[in-house]
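Contents: one structure, followed by commentary.
Predicted model only: the values in this text are computed from it and were never measured.
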Amino acid sequence: MRSAVVDQRTWFSWRADESPHGRHLRWIGTEKLGIWSFAKSGSPCGILSIDPSDRKRLPILTPSRVFSGRRTLFVCYGEDQNILAKTSDIEWNIVASVDFEGRFVFGLGEHLRAEDFPGTPLEVTVACVTEKDELLFVISGCENLWRMNPISRILQQIPFPSDVVPRITALCSVKDDIIFTVNEAGRLVVSAFNPVEQKVSRLGDISYDELFGDASSRRNPGSLVRLHGTTAGTILAVAESNLWSIEGSH
């Protein structure tokens with residue numbers, strides 16, 4: 001048997017064959033956990049949604065990434081999934097918003113049909129949910145940053161230095177700034193981008209050995225770092241058991 005345990009309480013237990021390949025665990029709402037992974041032969045698809053009193057499988061197949069907003073979930077699908085998908089499949093959207101029951105709300109697919117869509121989008125490489133409950137993301141095959149507001153049905157490009165976009169490893173937003181990280185010679189560099197002023201400000205850097213203790217065994221340590229903004233404007237870089245605090249731009 002497997003169990004979901006929160007604050008020393010067992011929310012639910014299930015047989016291993018009910019969800020044999022679950023690898024990812026994430027909060028997907030208030031008192032709601034999501035467990036998922038890429039399905040293998042014979043494995044049911046979708047996210048297993050668990051709360052203290054119920055569990056159900058959301059009908060959204062097997063996303064590569066899941067982000068929880070206050071009103072919707074954002075789900076992303078990899079290149080192998082969207083290339084093989086039909087236009088009626090949710091994977092064809094590459095990134096989509098669904099409600100907490102798994103029902104489709106809005107997706108990139110509505111814009112992919114436009115002949116003038118800039119670039120050839122393949123998959124989301126980095127993303128975060130902003131304070132405005134929007135998804136901010138980088139998509140391979142396209143320039144600039146993108147933001148999606150599913151409630152207002154808005155998909156918008158955010159002009160961004162083209163030489164930086166492919167190197168971004170983490171994102172978050174703090175007030176009016178977009179905070180991002182890149183790798184530079186064994187160091188994690190954190191910078192702020194102001195979309196109005198079109199200005200990039202370097203906030204700080206730290207070696208991966210300092211951040212992880214020893215990064216030599218990690219193929220791409222930058223991809224293991226997560227950024228979180230605080231209401232005070234401080235940025236937290238989280239790497240496994242370590243935490244690095246950076247003051248935001250003023």
Q: Start with the C-alpha gap between V66 and F74, add the side-chain angles, then the distance that decides, and say whether side chain to side chain contact (heavy atoms under 4.5 Å, CB included) holds.
A: CA-CA 6 Å; V66 178; F74 297 96; over 6 Å; no

Distance col, row L155:CG vs M148:CE, nearest 0.5 angstrom, shows 5.5 Å

*asked:* Does D133, at its CG atom, have more than 12 non-hydrogen atoms belonging to other residues, nucleotides or ligands within less than 6.0 Å?
replied: yes

Rounding to 0.5 Å, atoms CD1 (I206) and CZ (F212) come to a distance of 10.0 Å

Between T125 and S140, do the side chains contain an N or O donor and an N or O acceptor separated by less than 3.5 Å? no

Taken to the nearest 0.5 Å, the spacing of T72 OG1 from F104 CZ works out to 11.0 Å

Check your understanding: Salt bridge check: are E131 and K175 linked by an N-O gap of less than 4.0 Å?
Key -> no

Does any part of the side chain of V196, heavy atoms only, come nearer than 4.5 Å to the side chain of D176, both counted from C-beta? no

Taking V238 as the starting point, is it possible to reach V174 by hopping between hydrophobic residues whose side chains are less than 4.5 Å apart? no

message = Quick one: does any side-chain atom of D177 pair with a main-chain N or O of I179 as donor and acceptor, under 3.5 Å?
response = no

Can you tell if the side chain of Y77 reaches within under 4.5 Å of the side chain of I60, non-hydrogen atoms only? yes

Residues L136 and I158: closest non-hydrogen pair is CD1-CD1, 3.6 Å

Original post:
Is the backbone of N194 close enough, under 3.5 Å, to the side chain of E197 for a donor and an acceptor to pair up by distance?
Top reply: no

Going through the distances and angles, do V164 and V182 end up as a side chain to side chain contact (heavy atoms under 4.5 Å, CB included)?
CA-CA 8 Å; V164 177; V182 298; 4.2 Å; yes

Closest non-hydrogen atoms of G69 and V129, given as atom of the first, atom of the second and distance, are CA-CG1, 4.1 Å

Sorted by chain and residue number, the side-chain hydrogen bond (donor to acceptor under 3.5 Å, both in side chains) partners of Q157 (sequence neighbours excluded) come out as N144

Classify the angle between the aromatic ring planes of F180 and F160 as parallel (below 30°), tilted (30 to 60°) or perpendicular (above 60°).
perpendicular

Checking L145, N183, T181 against I168 for side-chain contact (heavy atoms from CB on, under 4.5 Å), the one that qualifies is L145

Heavy-atom nearest pair, F193 first then V200, reads CD1-CG2, 3.6 Å

- Task: Taking atom types as modelled, find out whether N82 and E91 have a side-chain donor-acceptor pair closer than 3.5 angstrom.
- Result: no

Rounded to the nearest 0.5 Å, the OG1 atom of T234 sits from the NE2 atom of H228 at a distance of 14.0 Å

Using only heavy-atom distances, determine whether the side chains of S173 and T130 contain a donor-acceptor pair under 3.5 Å. no

- Query: Can any side-chain N or O of E123 pair as donor or acceptor with the backbone N or O of E79 at less than 3.5 Å?
  - Reply: yes

Could you go through L211 and V225, starting from their C-alpha distance and side-chain angles, then the distance that decides it, and tell me whether this counts as side chain to side chain contact (heavy atoms under 4.5 Å, CB included)?
CA-CA 9 Å; L211 196 56; V225 176; 3.8 Å; yes

On a heavy-atom basis, the closest approach of W92 and K86 is CB-O, 3.3 Å

Are V190 and V126 connected into the same hydrophobic cluster when the rule is that any two of I, L, V, M, F, W, Y join if their side-chain heavy atoms are below 4.5 Å apart? no

*Would you say L203 and Y208 are hydrophobically clustered, going by side-chain heavy atoms of ILVMFWY under 4.5 Å?*
yes

Contacts of D99 meeting side-chain hydrogen bond (donor to acceptor under 3.5 Å, both in side chains) (sequence neighbours excluded), chain-then-number -> R103

Open item on the list: Hydrophobic cluster membership, with links at side-chain heavy-atom distances under 4.5 Å among I/L/V/M/F/W/Y: are I235 and W244 in one?
Closed with: yes

If we ignore hydrogens and angles and just use 3.5 Å, is the side chain of S64 paired with the main-chain N or O of C76 as donor and acceptor? yes

Quiz item: Are any side-chain N or O atoms of N93 and backbone N or O atoms of V95, one a donor and one an acceptor, separated by less than 3.5 Å?
Solution: no

Between R70 and F100, the two heavy atoms sitting closest are O-CE1, 3.8 Å

Hey, is the main chain of I154 close enough, under 3.5 Å, to the side chain of R147 for a donor-acceptor pair? no

Would E184 and R202 pass as an ion pair if we require N to O under 4.0 Å?
yes

Separation between CD1 (I139) and OG1 (T120), nearest 0.5 Å, reads 10.5 Å

Is there a side-chain contact between R57 and S49 in this structure, where contact means two heavy atoms from C-beta onward sitting under 4.5 Å apart? no

- Go through the steps to decide whether V105 and L73 satisfy the test side chain to side chain contact (heavy atoms under 4.5 Å, CB included), and finish with yes or no. CA-CA 9 Å; V105 176; L73 297 176; over 6 Å; no

*Is I178 linked to W146 within one hydrophobic cluster, defined over Ile, Leu, Val, Met, Phe, Trp and Tyr using a side-chain heavy-atom separation of less than 4.5 Å?*
no

Output for pair (C172 SG, L227 CG), nearest 0.5 Å, gives 5.0 Å

All heavy atoms of E134 vs all of N149, minimum pair found to be OE2-ND2, 3.1 Å

